[in-house]
Amino acid sequence: MDKIIIRGGKPLFGEVNIGGAKNAVLPIMAATVISPGHYNLTNVPNLRDTRTMAELLRVIGAKVEYNNHKMEIDSTTCNNPVAPYDLVKTMRASFDILGALISRFGYAEVSMPGGCAWGPRPVNYHIDALKKLGAHLNLDHGNIIASGKLTGNEIKFEFPSVGATKNALMAAVKANGKTIIRNAAREPEIDTLVDFLNLLGAVITGKSTSTLMIEGVNTLNDNLDFEIIPDRIEAGTFLIAAALIGGEITLTGVNPNHLSAVINKLKASGTEVIIFENKIKVCASKEIKAVDMTTAPYPGFPTDLQAQWMALMTKCTSSATIIDEVYFDRFTHVAELSRLGANIKLERNIATVTGIDTLIGAPVMSTDIRASASLILACLAADGESEISRVYHIDRGYENIEKKFQKLGADINRISN
Ligand code: EPU
């Protein structure tokens, strides 16, 4: 298993180009199954998760070519509406295929995702939404079997779940009649899925609001070229990195509008952030002010940057409270950050971080994608050498993260075993 070795303490300077968004491309890849056709996706990040989704599409019968951030998908040959446990267990987003499969085939067999590194992560909203649209659902040997001809209906989510909104949208575009999704997620990754589906001939209104309306259509187009939006979480990770580690960097290929909550918090911490059209320049300040943060669905502060924000606060001048209101138990990074000397007290979903002057390098372990990113940041800010193990987690969501940091002047290397 690969390891990352970091000698911390070197400030970051230069330019880093942000890739396409993992959480945007995965549902769009799933959506190519809905209508048999030929799709050309560009700005596709080369990640373990995009390769897993490509593998899932191949299992379903699609032809997928994937090179140089371009992906060609031929979904005309799809003939097997099954998402097996082997793939779903390695990537929960495989469950996003459920709505697409039932929309195309009137039948889907999708392994029920289990828990993940930080908790159970249920799928009850997805299931209730499909039932509202008239699907019959059974659990058989750990697989959800969904079948039936779908009819539009009103769906109201108790919480604006990103995944359940995606599945409901994909299921509803070809359902008979009108569907209304209330309390829908408003993340940019939902907006771009709406754009993709509408360009394909779907009729969805209410984009960027919490009420999405879908007029079902009988058929969709059979080809589309589509560019994946920039990854706001990768961008946020580099913004926080510069604020914590020191220096001055410019992010290119970003959409600053998607990062308002993060930029506002960074400014409150004393970091200088200058916004251009597709670029963001960030200059670290000498002192990191303590800034409390509570995660929330978009446009709130993303839970996917909670661990990185915690890394930043480990060196703040006083004490900051960090609350995760999206995932109550997403805190596996706390114990690892503490190994570097961080002073963090955790009670339920509330972490209190008291800043210290110096983090000290140590061997630490990756536990999930974003926790790993937080550890890389903290180790780059720490004195001395750190070794991060189980880095396959980071490869699920960040392309060549160590090369990007090397280009900014960091002393970070991967050792392949
Ligand atoms: N929830 C339920 N029941 C459901 C679905 C969700 O109780 O049926 C709860 C969850 O347990 C959680 C909350 O609702 O407490 C929000 O979950 P959501 O469904 O919005 O999350 P998701 O769709 O499973 C996506 C991202 C996550 C990101 C969350 C929140 C993808 C592939 N994943 O997950 O990204 O944290 O939205 O923004 O888009 C990551 O990239 O590292 C990652 C985990």
Side-chain angles (χ1 to χ4, degrees), residues 19-31 45 47-50 52-53 56 88 90-99 110 112-132 137 144 155-170 181 183-193 210 228-229 231-237 258 261-262 295-308 323-333 349 366-374 393-399 401:
K22 166 179 89 74
N23 290 346
V25 72
L26 295 175
I28 285 170
M29 288 170 72
L47 306 169
R48 185 183 277 257
D49 276 10
T50 44
T52 303
M53 188 56 103
L56 176 58
V88 179
T90 59
M91 186 186 70
R92 207 189 127 79
S94 319
F95 199 71
D96 291 355
I97 203 84
L98 179 62
V110 177
M112 175 103 163
C116 74
W118 75 80
R121 297 183 76 188
V123 287
N124 53 319
Y125 303 154
H126 303 241
I127 290 172
D128 292 349
L130 290 183
K131 280 187 178 162
K132 278 268 174 155
L137 283 114
I144 290 185
I155 296 164
K156 183 162 193 270
F157 290 122
E158 198 179 305
F159 186 91
S161 156
V162 176
T165 303
K166 289 184 223 160
N167 257 329
L169 270 173
M170 290 195 244
I181 307 176
N183 203 18
R186 290 183 287 156
E187 269 66 7
E189 293 76 21
I190 299 288
D191 284 2
T192 191
L193 177 63
S210 49
I228 303 305
I229 59 168
D231 195 313
R232 66 193 168 100
I233 305 301
E234 187 194 17
T237 301
H258 293 165
V262 183
T295 68
Y298 192 83
F301 194 101
T303 173
D304 290 342
L305 288 171
Q306 180 257 105
Q308 299 87 318
I323 307 177
D324 201 320
E325 289 285 6
V326 178
Y327 289 113
F328 296 141
D329 35 17
R330 191 179 200 176
F331 287 104
T332 53
H333 44 285
N349 62 333
S366 278
T367 48
D368 74 68
I369 308 175
R370 310 303 173 190
S372 319
S374 135
H393 287 290
I394 198 119
D395 297 332
R396 290 189 49 198
Y398 293 86
E399 182 176 338
I401 193 165

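Start at 1 and go down the list; that is how both ligands and their atoms are numbered. Note that the structure is a prediction, hence the values are computed from the model and not measured.
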If every non-hydrogen atom of [X] is compared with every non-hydrogen atom of [Y], which pair is closest and at what distance?
{"X": "Arg186", "Y": "Ser210", "value": "CD-N, 3.6 Å"}
{"X": "Val123", "Y": "Arg92", "value": "CG1-NH2, 3.9 Å"}
{"X": "Leu193", "Y": "Leu169", "value": "CD2-CD1, 4.1 Å"}

Would you call Glu189-Lys166 a salt bridge at under 4.0 Å N-O?
->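 Between Lys166 and Glu189 there is no salt bridge, as every charged N stays at least 4.0 Å from the carboxylate O atoms.
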For [X], atoms of ligand 1 separated by under 4.0 Å from a heavy atom:
{"X": "Phe159", "value": "13 (C), 14 (O), 16 (C)"}
{"X": "Gly163", "value": "19 (O), 23 (O)"}
{"X": "Lys22", "value": "40 (C), 41 (O)"}
{"X": "Val326", "value": "12 (C), 13 (C), 15 (O), 16 (C)"}
{"X": "Thr303", "value": "30 (C), 36 (O), 38 (O)"}
{"X": "Ala93", "value": "32 (C)"}
{"X": "Asn124", "value": "2 (C), 3 (N), 4 (C), 7 (O), 8 (O)"}

So which of Ile233, Asp231, Asp191, Ile229 actually passes side chain to side chain contact (heavy atoms under 4.5 Å, CB included) with His258?
->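 Going through the options one by one, the only one that passes is Ile229.
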Report the part of [X] in contact with ligand 1, treating N, CA, C, O as backbone and CB onward as side chain, heavy atoms under 4.0 Å; options are side chain, backbone, both, neither.
{"X": "Asp304", "answer": "side chain"}
{"X": "His126", "answer": "both"}
{"X": "Arg330", "answer": "side chain"}
{"X": "Val162", "answer": "both"}

Classify the angle between the aromatic ring planes of Tyr125 and Phe157 as parallel (below 30°), tilted (30 to 60°) or perpendicular (above 60°).
->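 Rings of Tyr125 and Phe157: tilted, as their planes differ by 30° to 60°.
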Sidechain-backbone polar pair: [X] side chain, [Y] backbone, donor-acceptor under 3.5 Å:
{"X": "Gln306", "Y": "Arg330", "value": "yes"}
{"X": "Gln308", "Y": "Asp304", "value": "yes"}
{"X": "Asn349", "Y": "Asp324", "value": "yes"}

Distance-only side-chain donor-acceptor flag, Arg370 / Tyr398, under 3.5 Å |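 Short answer, yes.
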Please determine whether any non-hydrogen atom of [X] lies less than 4.0 Å from an atom of ligand 1.
{"X": "Arg92", "answer": "yes"}
{"X": "Gly397", "answer": "no"}
{"X": "Glu189", "answer": "no"}

Proximal candidate to atom 19 (O) of ligand 1 [heavy atom criterion; set Ser94, Ala129, Ser161] |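 Residue with the shortest heavy-atom distance to the ligand atom: Ser161.
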Compute the shortest N/O to N/O distance between Glu187 and ligand 1 and return yes if it is under 3.5 Å, no if not.
->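 No.
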